[in-house]
Asks: 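The following block contains the structure, expressed as structure tokens.
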Amino acid sequence: MTARDEYIVSIYEELTVLGGHENIKLVKNTVNDTLCVKKTLINYNKDVYITLKEKKIPGIPKIYEIIETPEQLIVIEEYIHGQTLAQKDLKKKDIAAVKSVVKELCDILEQLHNLNPPVIHRDIKPENIIITNGQSGSLYLTDFDISRVYVPNQDRDTVIMGTSGYASPEQCGFAQTDARSDIYSIGMLMKNLLQIDHPQNKEEARMKNIIDKCISIDPDKRYKTIGELRRRLDMSPEFSKKNRSLLPPGFRSGVWYKMLIAICGYLFIFYLSMEMNVEINDPVQQAQENAAIKIVMLLSQLLTVAIYFNWQGFRDKLPIVNSPHMWLRIIGYVIYPIIIAFLLILAGVIITLII
């Protein structure tokens with residue numbers, strides 16, 4: 001420890017132990033009389049604390065000092081005055097209160113997961129969530145002692161840690177933890193707070209479905225991002241899965257960038273369709289045929305999109321494209337747009353002859 005480090009440690013007067021943990025103490029900065037928390041860590045990830053100190057993310061206690069010695073890491077951080085979620089008296093099945101807490105938690109975690117590289121908390125539980133005192137208390141996520149920086153292409157975590165009942169299966173050494181591991185812990189948090197084993201109404205059933213998806217053993221079956229979970233919690237109970245399936249491809253997930261891509265795609269389809277024209281001497285006949293061509297082009301492309309993206313299970317009902325063999329599906333994807341266009345043109349010709 002350098003002379004500067006020794007001076008920094010010396011200005012923090014130890015007052016009391018916090019939470020019964022000898023390595024976590026309430027201290028007072030004797031220079032400005034502010035209360036802080038001093039942590040002495042043996043197992044830690046210094047990069048996490050350096051990142052938190054630099055980024056100053058709302059909802060996470062500010063990191064004031066990081067001092068490393070050959071034996072330990074000393075962290076001085078902001079003292080948050082309030083109650084942990086474990087100390088709060090939340091009523092059983094108070095869905096509105098739990099959703100409010102979880103959405104605030106999602107807002108904090110989304111910022112962590114969007115860092116480059118992402119920071120994974122790995123220890124989300126009621127004891128690590130503090131709600132400040134006051135009528136409109138703020139929520140803070142604390143205790144980053146076992147957090148880690150996400151490393152792409154790593155098979156599994158180098159250190160296996162977590163709290164039983166909240167830690168994801170990946171934290172037992174089966175795979176690397178990522179954003180979906182924190183989503184699992186949020187699911188367990190909601191499960192333990194709400195205790196909805198047998199839903200009594202639609203809202204309870206909806207929340208149970210959300211929880212079940214969060215705590216799936218297979219990470220690929222959970223929500224992919226905290227943002228996706230946050231949007232699902234925001235969604236009105238009446239806006240069911242059936243209603244969402246009626247939306248056109250690109251809008252069913254509610255993910256903003258997918259909807260933006262879909263809007264651009266549909267505008268491009270409309271533009272191509274409107275550009276289709278034929279040149280005929282008879283202006284009346286030319287107007288009729290141009291209108292017919294535009295409609296045929298537009299409908300054929302929209303139907304093709306419906307097949308490719310399986311809107312309303314459309315693709316599943318068609319032979320060839322629902323084949324388990326990839327090469328047959330590829331053939332189907334090529335020939336169906338042609339068949340659709342041909343049938344629409346044929347229908348247009350028949351209607352024209354009848355008229």
Side-chain angles (χ1 to χ4, degrees), residues 55 57-59 99-100 102-121 150 152-153 178-184 186-187 206-207 209-210 213-214 216 218-276 293-316 318 321 329-330 332-334 336-337 340-341 344:
K55 300 301 181 181
I57 297 172
K99 280 174 63 176
S100 177
V102 173
K103 286 193 285 187
E104 283 193 69
L105 186 59
C106 286
D107 291 340
I108 298 169
L109 285 167
E110 189 167 25
Q111 294 177 81
L112 286 172
H113 293 173
N114 287 340
L115 293 173
N116 187 19
V119 171
I120 314 301
H121 189 277
Y150 177 75
N153 303 319
D178 57 20
R180 297 169 299 176
S181 304
D182 283 346
I183 289 171
Y184 179 95
I186 291 176
R206 193 178 78 90
M207 286 302 296
N209 288 336
I210 292 174
K213 187 173 178 67
C214 287
S216 173
D218 183 356
D220 290 335
K221 294 182 180 179
R222 300 174 202 156
Y223 295 103
K224 301 297 184 290
T225 66
I226 286 290
E228 186 181 351
L229 170 58
R230 176 70 160 80
R231 287 186 292 275
R232 189 70 183 92
L233 289 168
D234 272 335
M235 199 171 289
S236 168
E238 289 77 22
F239 199 71
S240 64
K241 183 177 180 180
K242 182 178 179 180
N243 292 330
R244 293 199 310 276
S245 68
L246 294 173
L247 294 174
F251 292 87
R252 292 172 291 184
S253 66
V255 179
W256 71 268
Y257 67 86
K258 290 183 180 180
M259 292 191 290
L260 181 60
I261 293 171
I263 290 171
C264 294
Y266 290 126
L267 287 175
F268 182 66
I269 287 174
F270 183 78
Y271 170 77
L272 284 182
S273 301
M274 295 304 103
E275 287 295 303
M276 299 296 291
I293 288 173
K294 294 179 195 298
I295 293 171
V296 167
M297 183 69 175
L298 182 61
L299 288 176
S300 64
Q301 290 186 84
L302 291 177
L303 286 171
T304 300
V305 169
I307 293 173
Y308 283 1
F309 293 93
N310 202 26
W311 182 72
Q312 289 289 294
F314 194 21
R315 185 178 62 209
D316 296 335
L318 296 174
V321 288
R329 292 200 301 273
I330 294 172
Y333 288 140
V334 172
Y336 269 112
I340 290 169
L344 287 171

Asks: Mark yes or no: K258 above the aromatic ring of F251, with NZ or CZ under 6.0 Å from the six-membered ring centre and no more than 45 degrees from the axis.
Replies: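 Ring-cation test returns no.
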
Asks: Not counting sequence neighbours, which residues clear side-chain contact (heavy atoms from CB on, under 4.5 Å) with A341? List them please.
Replies: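 Here the qualifying residues are S300.
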
Asks: Report the distance from atom CG of L299 to atom CD1 of I340, rounding to the nearest 0.5 Å.
Replies: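 Here the interatomic distance stands at 10.0 Å.
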
Asks: Check side-chain contact (heavy atoms from CB on, under 4.5 Å) between N116 and all other residues, then give those that pass, not counting sequence neighbours.
Replies: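 If we apply the side-chain contact (heavy atoms from CB on, under 4.5 Å) test to N116, skipping adjacent residues, there are no hits.
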
Asks: Please lay out, stage by stage, how C214 and Y223 fare under the test side-chain contact (heavy atoms from CB on, under 4.5 Å).
Replies: CA-CA 6 Å; C214 287; Y223 295 103; 3.7 Å; yes

Asks: I'd like to check the side chain to side chain donor-acceptor pair (under 3.5 Å) partners of R222; sequence neighbours left out, ordered by chain and number.
Replies: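 For R222, the residues satisfying side chain to side chain donor-acceptor pair (under 3.5 Å) (neighbours in sequence not counted) are E170.
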
Asks: I'd like to know if the side chain of D182 and the backbone of H121 have a donor-acceptor N/O pair within less than 3.5 Å.
Replies: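 Flag set: sc D182 to bb H121 pair under 3.5 Å.
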
Asks: Applying the side-chain hydrogen bond (donor to acceptor under 3.5 Å, both in side chains) criterion to R180, which one of D220, D218, T225 satisfies it?
Replies: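 Exactly one option meets the side-chain hydrogen bond (donor to acceptor under 3.5 Å, both in side chains) with R180, and it is D220.
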
Asks: With K55, which residues qualify under side chain to side chain donor-acceptor pair (under 3.5 Å), at least two apart?
Replies: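 Once residues adjacent in sequence are excluded, K55 has no partner under the side chain to side chain donor-acceptor pair (under 3.5 Å) criterion.
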
Asks: Would you call R230-D234 a salt bridge at under 4.0 Å N-O?
Replies: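 Looking at R230 and D234, the cut-off is met.
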
Asks: Quick check: does any side chain N or O of E228 sit under 3.5 Å from a backbone N or O of K224, one acting as donor and the other as acceptor?
Replies: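 Checked: pair present.
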
Asks: Quick one: do H113 and V119 satisfy side-chain contact (heavy atoms from CB on, under 4.5 Å)? Show the steps, please.
Replies: CA-CA 6 Å; H113 293 173; V119 171; over 6 Å; no

Asks: Taking K221 for its side chain and S216 for its backbone only, find out whether a donor-acceptor pair lies under 3.5 Å.
Replies: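 Such a contact is absent between K221 side chain and S216 backbone.
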
Asks: Does Y333 have any side-chain contact (heavy atoms from CB on, under 4.5 Å) partners at least two apart in sequence or in another chain, and if so, which?
Replies: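 Checked Y333 against side-chain contact (heavy atoms from CB on, under 4.5 Å); matches are Y308, R315, V321, R329.
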
Asks: Please report the C-alpha distance between I186 and I226 in whole Å, then the side-chain angles of each, then the deciding distance to 0.1 Å, and finally whether the side-chain contact (heavy atoms from CB on, under 4.5 Å) criterion is met.
Replies: CA-CA 10 Å; I186 291 176; I226 286 290; 3.7 Å; yes

Asks: As a quick check of understanding, evaluate side-chain contact (heavy atoms from CB on, under 4.5 Å) for W311 and L247, giving each step before the final call.
Replies: CA-CA 8 Å; W311 182 72; L247 294 174; 6.0 Å; no

Asks: Which residues pass the side-chain contact (heavy atoms from CB on, under 4.5 Å) test with S273, sequence neighbours left out?
Replies: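 side-chain contact (heavy atoms from CB on, under 4.5 Å) list for S273, sorted by chain: I269, M297, L298, Q301.
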
